Number of protein chains: 2
Amino acid sequence: MTSQVQIDQRVKSFIAACRQHGIKATQQRMEILRELASTEEHPDAETVFARVRKRLPTISLDTVYRTLRTLEENEIISRVGSMRERARFDANTAPHHHFVCSDCGLIGDFYCDELQGFPPPPEVADMGSVDSVYIELRGRCRACQIKRDRTE
Amino acid sequence: MTSQVQIDQRVKSFIAACRQHGIKATQQRMEILRELASTEEHPDAETVFARVRKRLPTISLDTVYRTLRTLEENEIISRVGSMRERARFDANTAPHHHFVCSDCGLIGDFYCDELQGFPPPPEVADMGSVDSVYIELRGRCRACQIKRDRTE
DNA sequence: TCCTATTTAGTAATAATTCGTATTTACACA
DNA sequence: TGTGTAAATACGAATTATTACTAAATAGGA
């Protein structure tokens with residue numbers, strides 16, 4: 001993901017993807033993607049803006065935000081973490097994980113010993129020490145499944 | 001977690017915990033905890049505010065936010081999801097997971113087939129259908145570990 | 001070349017969360 | 001059972017990330 005060839009390849013396939021999705025492969029979009037594809041540090045919007053600006057001095061922060069969303073919607077990039085609009089809280093102190101409905105936001109607890117005691121893979125040990133595991137299963141709750149079926 | 005006795009028990013042990021941590025067991029804090037302990041729906045701050053207000057009409061939204069943070073810091077409740085201040089983006093399209101440093105915010109990718117193909121436990125099937133698994137290992141990165149060791 | 005989606009710029013709106021400060025309260029101790 | 005004091009609260013105002021609006025300019029791509 002770091003070699004120049006790979007990055008160029010990534011941008012090239014992005015252009016193809018644009019054709020497919022019927023969106024334009026603008027300079028701005030290509031440079032934003034290039035920037036993200038060139039780094040492993042999972043930058044935020046401001047950081048992307050600052051860096052892309054070096055090459056496209058007139059780009060606006062607005063465009064960066066808009067583009068990041070467009071790329072995300074087209075599943076060309078992804079967002080790290082939940083980033084729900086509002087924080088949600090939980091008084092359940094037992095070790096557990098969550099099921100989250102991406103339609104209505106329902107959050108359910110579930111328990112799973114295998115996951116609970118899961119040993120971090122060795123490559124993680126190189127990064128640092130782990131002190132907790134956060135797991136979220138994402139999908140559609142029963143009610144929202146039904147709602148969807150009815151609409152179609 | 002739903003019976004009145006259990007909730008009362010929870011509030012009582014909260015009062016004890018306050019003594020331990022040297023923080024005050026105020027009406028507001030107790031009612032906020034009681035509210036959270038009474039539900040499984042993982043409410044947000046506004047929702048907690050609206051409900052607690054029925055019993056403590058003068059409580060402020062500010063207090064709810066402040067208290068939720070305090071409870072979280074003292075590990076009496078937890079927050080669902082990452083809720084980083086800013087959104088972070090990732091152009092890595094291969095299936096992978098993240099290691100996150102809670103000190104500096106570093107995010108690293110890692111790969112793990114066992115986790116990748118992990119079958120959702122049956123209790124989750126009752127809630128709905130799963131279409132993705134989000135996993136975050138949280139801890140301290142190498143650099144931050146060293147920084148900590150030096151400070152102590 | 002031309003049509004249209006997209007960008008820019010610059011301001012303003014939102015919306016969640018936090019801060020400043022005067023006031024009140026829990027609770028340790030007398 | 002009072003009381004002094006640090007901790008906590010209420011309330012409005014401030015912050016911060018993100019999105020929206022506009023009109024005018026630009027540039028994909030057929």
Side-chain angles (χ1 to χ4, degrees), chain A residues 11-35 42-50 52-74 76-77 79-89 105, chain B residues 11-12 14-33 35 42-50 52-74 76-77 79-89 105:
Chain A
V11 173
K12 199 173 284 181
S13 68
F14 166 65
I15 296 174
C18 285
R19 293 260 159 69
Q20 294 245 326
H21 296 254
I23 67 173
K24 291 185 179 174
T26 65
Q27 279 285 298
Q28 292 85 340
R29 286 174 177 168
M30 286 190 290
E31 288 307 319
I32 288 168
L33 177 66
R34 177 185 302 281
E35 190 52 53
H42 307 79
D44 58 27
E46 284 278 1
T47 304
V48 172
F49 175 58
V52 170
R53 187 131 80 144
K54 287 178 191 159
R55 275 170 286 147
L56 296 178
T58 65
I59 198 171
S60 68
L61 180 57
D62 187 39
T63 296
V64 174
Y65 272 109
R66 210 167 354 86
T67 301
L68 289 171
R69 261 210 302 166
T70 304
L71 296 180
E72 192 191 359
E73 277 160 18
N74 291 84
I76 292 161
I77 64 169
R79 189 180 290 254
V80 182
S82 46
M83 220 44 196
R84 258 172 285 290
E85 55 310 330
R86 293 145 175 243
R88 303 276 293 263
F89 298 90
Chain B
V11 173
K12 199 172 285 180
F14 166 64
I15 296 174
C18 284
R19 292 261 159 68
Q20 293 244 326
H21 296 254
I23 67 173
K24 292 183 180 175
T26 66
Q27 279 285 298
Q28 292 86 338
R29 284 174 177 168
M30 286 189 289
E31 289 307 318
I32 288 168
L33 177 66
E35 190 53 51
H42 308 78
D44 58 28
E46 284 278 1
T47 304
V48 172
F49 175 57
V52 170
R53 185 131 80 148
K54 288 179 190 159
R55 276 170 284 147
L56 294 180
T58 65
I59 198 172
S60 69
L61 180 57
D62 183 44
T63 297
V64 173
Y65 272 108
R66 211 168 353 84
T67 300
L68 289 171
R69 259 209 304 164
T70 304
L71 295 179
E72 192 191 357
E73 277 160 18
N74 291 85
I76 291 160
I77 65 170
R79 187 181 292 254
V80 183
S82 46
M83 219 46 197
R84 259 171 284 288
E85 54 310 329
R86 291 144 176 245
R88 303 276 294 263
F89 298 90

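Just so we're clear, the structure is a prediction, and the values are computed from it rather than from any experiment. Within every chain, numbering begins at 1; the chains are lettered A, B, ... in the order of the sequence lines, protein sequences first and strands thereafter.
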(message) Can you work out whether A:Ile23 or B:Arg79 has the more 5'-proximal nearest nucleotide on DNA chain C?
(response)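 Upstream on the strand: A:Ile23.
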(request) Using a 4.0 Å heavy-atom cut-off across all strands, classify A:Asp62 as base, sugar-phosphate, or nothing. (result) base
(request) Mind checking A:Leu61 for me? I need base, sugar-phosphate or nothing, with any heavy atom below 4.0 Å counting as a touch. (result)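 Touches nothing.
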Write down the distance between [atom1] ([X]) and [atom2] ([N]), rounded to a whole number of angstrom.
X: B:Met83; N: C:dA15; atom1: CE; atom2: P; result: 14 Å
X: B:Met30; N: C:dT25; atom1: CE; atom2: P; result: 14 Å
X: B:Glu85; N: C:dA15; atom1: CD; atom2: C1'; result: 17 Å
X: A:Gln27; N: C:dT8; atom1: CD; atom2: P; result: 11 Å
X: B:Glu31; N: D:dA8; atom1: CD; atom2: P; result: 18 Å
X: B:Gln28; N: C:dT23; atom1: CD; atom2: C1'; result: 13 Å
X: A:Arg66; N: C:dG10; atom1: CZ; atom2: P; result: 15 Å
X: A:Arg53; N: C:dT8; atom1: CZ; atom2: P; result: 11 Å

Does [X] make a side-chain N or O approach to OP1 or OP2 of [N] shorter than 4.0 Å?
X: B:Thr58; N: D:dA10; result: yes
X: A:Thr63; N: C:dT8; result: yes
X: A:Thr26; N: D:dA27; result: no
X: B:Arg29; N: D:dA8; result: yes
X: A:Arg69; N: D:dA20; result: yes

(message) Go through it in stages, so that I can follow the logic: the residues are B:Arg66 and B:Thr63, the test is side-chain contact (heavy atoms from CB on, under 4.5 Å), and I'd like the CA-CA distance, side-chain angles, deciding distance and then a yes or no.
(response) CA-CA 5 Å; B:Arg66 211 168 353 84; B:Thr63 297; 3.1 Å; yes
(request) Among D:dG29, C:dT17, C:dA26, find the nucleotide with the atom closest to the side chain of B:Lys24. (result)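 Side chain of B:Lys24 sits closest to C:dA26.
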(message) From C-beta outward on A:Tyr65, which listed nucleotide comes closest to its side chain: D:dT18, C:dC27, D:dA20?
(response)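 Of the candidates, D:dT18 comes closest.
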(request) Take A:Phe49 and A:Arg53 through the side-chain contact (heavy atoms from CB on, under 4.5 Å) test and state the conclusion after the steps. (result) CA-CA 6 Å; A:Phe49 175 58; A:Arg53 187 131 80 144; 3.6 Å; yes
(request) Kindly give the heavy-atom pair with the smallest separation between A:Ser82 and B:Met83, and that separation in Å. (result) OG-N, 4.0 Å
(request) Please test A:Ile59 against A:Ile32 for side-chain contact (heavy atoms from CB on, under 4.5 Å), starting from the C-alpha separation and ending with a verdict. (result) CA-CA 10 Å; A:Ile59 198 171; A:Ile32 288 168; 4.1 Å; yes
(message) Check this for me: does any side-chain nitrogen of one of A:Arg69 and A:Glu72 sit under 4.0 Å from a carboxylate oxygen of the other?
(response)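 A:Glu72 and A:Arg69: not salt-bridged.
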